[in-house]
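These notes are about the structure you will find just below.
What you see is a predicted model; the values in this text were computed from it and never measured.
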Amino acid sequence: MKNILIFAALSAVILTGCGNISPPFKAEQTTVTTAAPTVSAAASSEAESTVDEEQVKSNTFIAEFFDSNICFADVSEIVTESLKGCSFENEIDNSNGVNKITLKGSNGGGMIDVLCIDLSQSNLDYDMEYILENFGDYYFNQTSAQMSGITEDDFVSNYRMTSSVVSKGKYQRYASIQKTDGMASQFGYTETYAVLSENKLTVVSGAFLSSDMMERQSFSQLMSQFVENVKY
């Protein structure tokens, strides 16, 4: 039921282009790196209960986020600059506030979403770091799920960081993928980068899967170009 609520709210925002987010930013300076917790067998039941509670809390936030008064800002400059010299065939669908870039290589393909959400008219009671972490995780999961047949077990690296300084913050999470079925190998990369500054949340999120390791490297470099063009 929670998932239905989330996607219903997301659909409403995409269709209207606006909807309600201006969190009360707190002046703070923190750096947080999160790794997967280690849980003993004896404590597994309690841990599962905690995870369920956190998931419900996160789902509630996402539903409130998309149901709030948010609008999309233009990101065409970021897209244009970042794609200069791109080695992949690309096609851009710029509609409903989100620039969806489809990428095609010789041995694989992928996508990148670029969006900027204006939070200035929102009344959500969440601090900056909470918004970054939860929206970042949400978008990362949505993006990585688009790689058909890939699960977290195929991640050979998994990095996540959230940092904030005074009234701005950034979130970054990425993973490299390698999967072999005994006959062929697949190499992938997925990343979500988000910056929250001056009441605007800018997000770049992409995933790419190929049978060629060098194409994965090229995609990783392309994502770095986008990261460099998002002001922090």
Going by atom type alone, with no hydrogens or angles, which donor-acceptor pairs under 3.5 Å involve a side-chain atom of residues 144-152 and a protein atom two or more places apart or on another chain?
from: Ser144; atom 1: OG; to: Phe140; atom 2: O; distance (Å): 3.0
from: Ser144; atom 1: OG; to: Asn141; atom 2: O; distance (Å): 3.4
from: Thr151; atom 1: OG1; to: Asp153; atom 2: N; distance (Å): 3.3

What are the two closest heavy atoms between [X] and [Y], and how far apart are they?
{"X": "Leu132", "Y": "Ala194", "value": "CD2-O, 3.9 Å"}
{"X": "Gly169", "Y": "Met128", "value": "N-SD, 3.6 Å"}
{"X": "Leu103", "Y": "Cys86", "value": "CD2-SG, 4.4 Å"}
{"X": "Leu222", "Y": "Ser82", "value": "CD1-O, 3.5 Å"}

Same apolar cluster (I L V M F W Y, side chains within < 4.5 Å links), [X]/[Y]:
{"X": "Tyr193", "Y": "Tyr159", "result": "yes"}
{"X": "Leu83", "Y": "Val227", "result": "yes"}
{"X": "Phe66", "Y": "Phe72", "result": "yes"}
{"X": "Met161", "Y": "Val165", "result": "yes"}
{"X": "Met111", "Y": "Met223", "result": "no"}

Contact between [X] and [Y] at the side-chain level, heavy atoms closer than 4.5 Å - yes or no?
{"X": "Phe61", "Y": "Lys57", "result": "no"}
{"X": "Leu124", "Y": "Glu64", "result": "yes"}
{"X": "Arg173", "Y": "Asn158", "result": "yes"}

Could you tell me the separation between the [atom1] atom of [X] and the [atom2] atom of [Y], rounded to the nearest 0.5 Å?
{"X": "Glu198", "Y": "Ser167", "atom1": "CD", "atom2": "OG", "answer": "8.0 Å"}
{"X": "Ile117", "Y": "Cys71", "atom1": "CD1", "atom2": "SG", "answer": "10.5 Å"}
{"X": "Thr143", "Y": "Ile112", "atom1": "OG1", "atom2": "CD1", "answer": "10.0 Å"}
{"X": "Asn99", "Y": "Leu115", "atom1": "CG", "atom2": "CG", "answer": "9.0 Å"}
{"X": "Ile177", "Y": "Gln186", "atom1": "CD1", "atom2": "CD", "answer": "10.0 Å"}
{"X": "Phe226", "Y": "Asp113", "atom1": "CZ", "atom2": "CG", "answer": "10.5 Å"}

(request) Classify the angle between the aromatic ring planes of Tyr130 and Tyr126 as parallel (below 30°), tilted (30 to 60°) or perpendicular (above 60°). (result)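 Answer is parallel, since the angle falls under 30°.
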
(request) Apply side chain to side chain contact (heavy atoms under 4.5 Å, CB included) to the pair Phe208 and Phe88, showing each step before the final yes or no. (result) CA-CA 11 Å; Phe208 194 93; Phe88 300 109; 3.5 Å; yes

Main-chain N/O of [Y] paired with [X] side-chain donor or acceptor, under 3.5 Å:
{"X": "Gln121", "Y": "Ile70", "result": "no"}
{"X": "Thr80", "Y": "Ser76", "result": "yes"}
{"X": "Thr60", "Y": "Val56", "result": "yes"}
{"X": "Ser157", "Y": "Ser176", "result": "yes"}
{"X": "Asp212", "Y": "Ser210", "result": "no"}

(request) State, without any angle test, whether Asn229 and Gln225 hold a side-chain donor-acceptor pair at a distance under 3.5 Å. (result)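 Their side chains do not contain a donor-acceptor pair, so the 3.5 Å distance test is not met.
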
(message) Check Asp118 with Lys200, please: is the shortest side-chain N to carboxylate O separation under 4.0 Å?
(response)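 Answer for the salt bridge query: no.
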
(request) Please lay out, stage by stage, how Asp137 and Tyr171 fare under the test side-chain hydrogen bond (donor to acceptor under 3.5 Å, both in side chains). (result) CA-CA 9 Å; Asp137 283 345; Tyr171 166 102; 2.6 Å; yes

(request) Linking directly or through intermediates, with side-chain heavy atoms under 4.5 Å: list the remaining ILVMFWY members grouped with Met213, chain and number order. (result)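 Same cluster as Met213: Phe187.
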
(request) Decide yes or no on side chain to side chain contact (heavy atoms under 4.5 Å, CB included) for Val114 and Val230, but give the supporting numbers first. (result) CA-CA 10 Å; Val114 187; Val230 176; over 6 Å; no

(message) When you measure from the centre of the six-membered ring of Tyr232, is the NZ or CZ of Lys168 closer than 6.0 Å and no more than 45° off the axis?
(response)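 Judged by the rule (NZ or CZ under 6.0 Å from the ring centre, within 45° of its axis), Lys168 counts as positioned above Tyr232.
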
(request) Report the C-alpha distance between Ile131 and Leu196 in whole Å, list the side-chain angles of each, state the deciding distance to 0.1 Å, and finish with yes or no for side chain to side chain contact (heavy atoms under 4.5 Å, CB included). (result) CA-CA 9 Å; Ile131 291 174; Leu196 184 49; 4.2 Å; yes

(message) Set out, in order, the CA-CA distance, both residues' side-chain angles and the distance that settles side-chain hydrogen bond (donor to acceptor under 3.5 Å, both in side chains) for Glu191 and Tyr189, then state yes or no.
(response) CA-CA 7 Å; Glu191 179 175 359; Tyr189 184 77; 2.8 Å; yes

(request) Please assess Val195 against Leu201 for the test side chain to side chain contact (heavy atoms under 4.5 Å, CB included), listing each intermediate value before the final yes or no. (result) CA-CA 6 Å; Val195 167; Leu201 175 61; over 6 Å; no

(request) Kindly write out the residues that satisfy side chain to side chain contact (heavy atoms under 4.5 Å, CB included) with Ser211, not counting sequence neighbours, or none if the list is empty. (result)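 Once residues adjacent in sequence are excluded, the partners of Ser211 under the side chain to side chain contact (heavy atoms under 4.5 Å, CB included) criterion are Asn107.
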
